[in-house]
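Following: one structure in structure tokens, then a few remarks.
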There are 2 protein chains.
Amino acid sequence: METNCYDGAYAHDNPQKKTDDLARNIIEQIADKWTILVIDALGTHGEMRFSRLREVVEGVSQKMLTKTLRQLERDGLVTRYVHPVIPPRVDYQLTPLGRSLLDKICGIWDWVEVHMSEMELARREFDHGEKRVDHLRPRDVPIA
Amino acid sequence: METNCYDGAYAHDNPQKKTDDLARNIIEQIADKWTILVIDALGTHGEMRFSRLREVVEGVSQKMLTKTLRQLERDGLVTRYVHPVIPPRVDYQLTPLGRSLLDKICGIWDWVEVHMSEMELARREFDHGEKRVDHLRPRDVPIA
DNA sequence: CGGTATCCGTGCGGATACTG
DNA sequence: CAGTATCCGCACGGATACCG
């Protein structure tokens with residue numbers, strides 16, 4: 001019951017507040033669609049140049065990719081190498097820190113792989129029972 | 001190099017496309033600020049009623065909390081119990097599936113705990129070197 | 001209390017045009 | 001090619017009001 005992952009409950013003038021804010025801030029950075037996909041891409045394909053990255057991370061716009069990469073670079077998760085040639089060539093790769101994070105993210109992916117069918121089923125059931133009977137729905141379970 | 005977490009590159013008329021879309025969809029669900037914080041809260045505190053949850057998950061609005069909980073319920077990660085009393089009382093708790101996901105998320109939290117100071121330092125360095133010298137920045141590293 | 005419905009601002013993110 | 005700058009729509013999310 002007391003897994004003690006993160007408890008945002010004590011943020012009122014708590015000496016640990018700053019620390020917690022930072023942690024939460026970092027999590028909110030990481031918990032981002034493009035961030036995860038970019039880290040993943042760099043993990044599976046290794047060092048890549050900007051344009052390739054844009055292909056691999058399907059659907060990302062130039063703007064978002066740039067922004068995401070800057071963010072990652074700032075956080076020390078990714079390095080950026082600019083080759084002094086024209087036309088420009090910029091390579092990105094994960095830092096050791098980035099790779100260690102990738103491990104954790106892979107953990108999530110693996111979890112998804114294993115449980116996605118389970119979740120898909122749960123969704124179908126939920127959507128099916130949901131006949132828009134609003135007040136006191138079927139799924140309501142009386143207890144006491 | 002070939003960690004094989006997720007590769008979004010092959011989504012053009014690939015027979016596996018549907019599966020990958022589902023996986024990505026699920027990830028994008030999970031990779032959400034409030035989703036993570038709510039799962040975490042339910043993990044650390046166990047079963048909780050709506051109003052308590054709203055206190056614990058600091059800063060969440062009623063609307064977002066409701067939406068997030070519905071999402072989680074639909075995905076089979078959270079159960080919702082409505083006590084037939086007035087005023088209403090609704091308790092939420094993680095399902096076994098939800099708890100197994102929590103484990104993975106805790107992995108991320110632990111990682112953050114360990115590396116947050118490192119990242120904070122990286123940020124400061126990055127921000128410091130960034131004197132808005134735009135073309136050919138100091139951090140550009142010539143290679144060939 | 002635990003919602004849903006409605007209104008509404010703003011900021012995320014796409015599209016486009018331009019530069020070194 | 002790898003950006004930056006600008007414009008802009010729209011969806012996300014907060015605030016408010018109301019209901020069972």
Side-chain angles (χ1 to χ4, degrees), chain A residues 28-29 31-38 42 47-74 78-93 130-144, chain B residues 28-29 31-38 42 47-74 78-93 130-144:
Chain A
E28 289 176 9
Q29 294 274 346
D32 170 75
K33 184 183 173 181
W34 297 129
T35 300
I36 302 232
L37 292 174
V38 165
L42 288 174
E47 188 176 51
M48 296 174 68
R49 61 188 301 179
F50 186 85
S51 48
R52 184 76 219 292
L53 209 37
R54 207 182 152 183
E55 293 166 17
V56 172
V57 180
E58 195 130 342
V60 71
S61 70
Q62 186 187 26
K63 182 180 175 179
M64 279 301 102
L65 182 54
T66 301
K67 185 183 167 188
T68 303
L69 285 168
R70 285 294 170 284
Q71 201 71 255
L72 290 171
E73 189 192 1
R74 187 172 104 101
V78 157
T79 54
R80 175 175 182 268
Y81 295 105
V82 180
H83 301 77
V85 297
I86 20 185
R89 175 196 176 101
V90 181
D91 286 337
Y92 293 91
Q93 70 178 326
E130 208 73 5
K131 293 296 185 187
R132 288 293 95 199
V133 182
D134 256 354
H135 48 189
L136 282 198
R137 307 180 190 177
R139 71 173 183 285
D140 288 350
V141 177
I143 285 199
Chain B
E28 288 176 10
Q29 295 273 346
D32 170 76
K33 184 182 173 180
W34 298 128
T35 300
I36 303 231
L37 293 175
V38 165
L42 288 174
E47 188 176 51
M48 296 173 66
R49 62 188 303 180
F50 187 86
S51 48
R52 184 78 219 291
L53 209 38
R54 206 180 154 186
E55 294 165 17
V56 172
V57 181
E58 195 130 345
V60 70
S61 71
Q62 187 186 28
K63 183 180 176 180
M64 279 302 101
L65 182 54
T66 301
K67 185 184 168 187
T68 302
L69 286 168
R70 285 295 169 284
Q71 200 71 255
L72 290 171
E73 188 192 3
R74 186 172 105 102
V78 156
T79 54
R80 175 174 181 270
Y81 294 105
V82 179
H83 300 78
V85 298
I86 23 185
R89 175 197 175 101
V90 182
D91 285 338
Y92 293 92
Q93 70 178 326
E130 207 74 3
K131 293 296 187 190
R132 289 292 98 199
V133 182
D134 255 352
H135 49 191
L136 281 197
R137 306 178 192 177
R139 73 175 182 284
D140 288 350
V141 178
I143 284 198

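Numbers restart at 1 for each chain; the letters A, B, ... are given by sequence-line order, proteins then strands.
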S51(B) has its side chain closest, among dG3(D), dC1(C), dG3(C), to dC1(C)
_Polar side-chain contact Q62(B)-dG3(C) base: donor and acceptor under 3.5 Å_ = yes
Atom CD1 of I86(A) and atom P of dG20(C) are separated, to the nearest Å, by 12 Å
From CG of D91(A) across to C1' of dA2(D) the rounded distance in Å is 12 Å
Taken to the nearest whole Å, CD/E73(B) to C1'/dG2(C) is 13 Å
M48(A) CE to dC1(D) C1', in whole Å, measures 15 Å
Nearest heavy-atom contact between V90(B) and R80(B) is CG1-CG, 3.8 Å
Nearest-nucleotide check on DNA chain C, P88(A) vs R49(B); residue mapping nearer the 5' end is R49(B)
Is R80(B) near enough to dG3(C) that one of its side-chain N or O atoms lies under 4.0 angstrom from OP1 or OP2?
yes
On a heavy-atom basis, the closest approach of Y92(B) and R70(B) is OH-NH1, 3.6 Å
### Message
Does any part of the side chain of T35(B), heavy atoms only, come nearer than 4.5 Å to the side chain of Q71(B), both counted from C-beta?
### Response
no
Under 3.5 Å between N/O atoms: give me all the protein pairs with nucleotides 6-13 of chain C, atom names plus distance.
| unit_1 | atom_1 | unit_2 | atom_2 | d |
| --- | --- | --- | --- | --- |
| dG13(C) | N7 | K63(A) | NZ | 2.9 |

Exercise. Are L37(A) and V60(A) close enough that some pair of their side-chain heavy atoms sits under 4.5 Å apart?
Worked result: no
Just wondering, do L42(A) and Q93(A) contact through their side chains at under 4.5 Å, heavy atoms? no
From CG of L65(A) across to P of dC1(D) the rounded distance in Å is 14 Å
Whole-Å distance, R52(A) CZ to dG3(D) P, equals 17 Å
* Does Y81(B) make a side-chain N or O approach to OP1 or OP2 of dG2(C) shorter than 4.0 Å? -> no
note: R54(A), atom CZ; dG14(C), atom P; distance rounded to Å ~ 10 Å
Open item on the list: Could you check whether any side-chain heavy atom of Y81(A) comes within less than 4.5 Å of a side-chain heavy atom of E47(A), counting everything from C-beta outward?
Closed with: yes
Quiz prompt | Test item: V85(A) and P87(A) side chains (from C-beta on) under 4.5 Å apart, heavy atoms | solution = no
Quiz item: OP1 or OP2 of dG3(C) less than 4.0 angstrom from a side-chain nitrogen or oxygen of R70(B), does that happen here?
Solution: yes
